[in-house]
Amino acid sequence: MAQASLRPLVAGNWKMNGLKAAAAELEQIVAGAQALAGKADLMICPPATLIASFAAVARGSAVAIGAQDCHAEASGAHTGDLSAEMLADAGASAVIVGHSERRSDHNESDAAVKAKALAARRAGLTAILCIGETHAQRKNNETLAVVARQLAGSLPEGAAGSNIVIAYEPVWAIGTGLTPTPDDVAKVHAFIRQQLRERLGGEGERVRILYGGSVKPENAPQLLKLADVGGALVGGASLKANDFLGIAAVYR
Ligand code: 13P
């Protein structure tokens with residue numbers, strides 16, 4: 001089923017990019033968001049150092065601020081980590097969990113990702129849960145099995161459209177300029193929808209499924225209008241307001 005009834009979400013993951021001066025890009029995104037007239041939700045996930053100041057800039061606007069990771073616990077002796085409660089306190093309304101860069105750079109398991117998604121819910125944040133196959137797994141025809149395994153291991157019980165968003169990000173498409181064909185994206189998103197239905201019943205229809213991996217203004221019309229594609233998680237192209245707004249313009 002298409003996600004006609006779900007408002008799309010275009011989220012920008014800035015990764016480890018952005019100093020204070022980048023607030024100028026956010027200001028431009030906030031101004032440009034008005035042209036969408038509520039037809040899509042916009043979100044920027046800056047590095048944690050910028051969450052509080054970005055939340056102040058975006059307050060009262062159509063742009064939400066998210067974080068890129070959280071610790072599973074609310075507080076404690078975990079030097080350098082940030083809890084979901086802290087991110088909420090700083091002004092975030094969402095947090096990305098299980099991004100493939102964290103899964104590989106920090107050896108995050110599905111169980112660890114699930115604990116983070118639960119922490120997000122505890123703190124009142126929407127979790128943007130990332131899943132996706134590597135190039136080798138795609139070549140071996142394991143895409144659906146990998147996605148099913150990641151969902152089974154990292155989607156918490158009681159997940160609902162109000163507290164979780166799934167982001168399908170094929171690892172080989174991230175930062176490479178490569179994307180799956182629209183047919184392949186549609187196939188994986190339909191499969192994820194079916195898995196969500198099996199796990200969550202009717203609530204599975206209410207969970208947005210974003211596509212991520214080399215989304216640009218040029219390919220957004222082909223990728224983001226597909227059935228069961230409820231928006232995009234954008235990396236590189238979200239760093240420039242014009243590109244990010246150009247992607248969101250698909251929903252105008
Ligand atoms: P790119 O859009 O740069 O390929 O990154 C995608 C991504 O990893 C978003 O989380």
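Order of listing sets the numbers, starting from 1, for every ligand and every atom in it. This structure is a prediction, so every number in the text was calculated from the model and none was measured.
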task = Give the atoms of ligand 1, by number and element, whose distance to some non-hydrogen atom of G236 is under 4.0 Å.
result = 1 (P), 2 (O), 3 (O)
ask   = Quick one: do R138 and E133 make a salt bridge, cutoff under 4.0 Å?
value = yes
Option from P221, P8, P217 for which side-chain contact (heavy atoms from CB on, under 4.5 Å) with V250 holds = P221
key: Selected option - heavy-atom contact closest to atom 5 (O) of ligand 1, from K216, K15, E101, H99   = K15
message = Tell me whether K116 is salt-bridged to D69, with the criterion being a basic N under 4.0 Å from an acidic carboxylate O.
response = yes
Residues which pass ring-ring contact (aromatic ring centres under 6.0 Å, His included) with F244, listed by chain and number, not counting sequence neighbours = none
ask   = Can you find a non-hydrogen atom of A173 under 4.0 Å from ligand 1?
value = yes
request  = Below 4.0 angstrom from a heavy atom of E169, which ligand 1 atoms are there? Numbered from 1 as shown, please.
outcome  = 6 (C), 7 (C), 8 (O), 9 (C), 10 (O)
ask   = Touching ligand 1 at all, A237? Heavy atoms, strictly under 4.0 Å?
value = no
query = Does ligand 1 have a heavy atom under 4.0 Å from the side chain of I174, from its backbone, from both, or from neither?
reply = both
ask   = Parallel under 30°, tilted from 30 to 60°, perpendicular over 60°: which one fits the rings of H189 and Y168?
value = perpendicular
message = Any atom of ligand 1 sitting under 4.0 Å from a heavy atom of G212?
response = no
Salt-bridge present (E157, R121; N to O < 4.0 Å) = no
Sub-4.0 Å atoms of ligand 1 with respect to non-hydrogen atoms of L233 = 9 (C), 10 (O)
message = Under 4.0 Å, heavy-atom basis, I'd like to know which part of C130 is in contact with ligand 1: side chain, backbone, both or neither.
response = neither
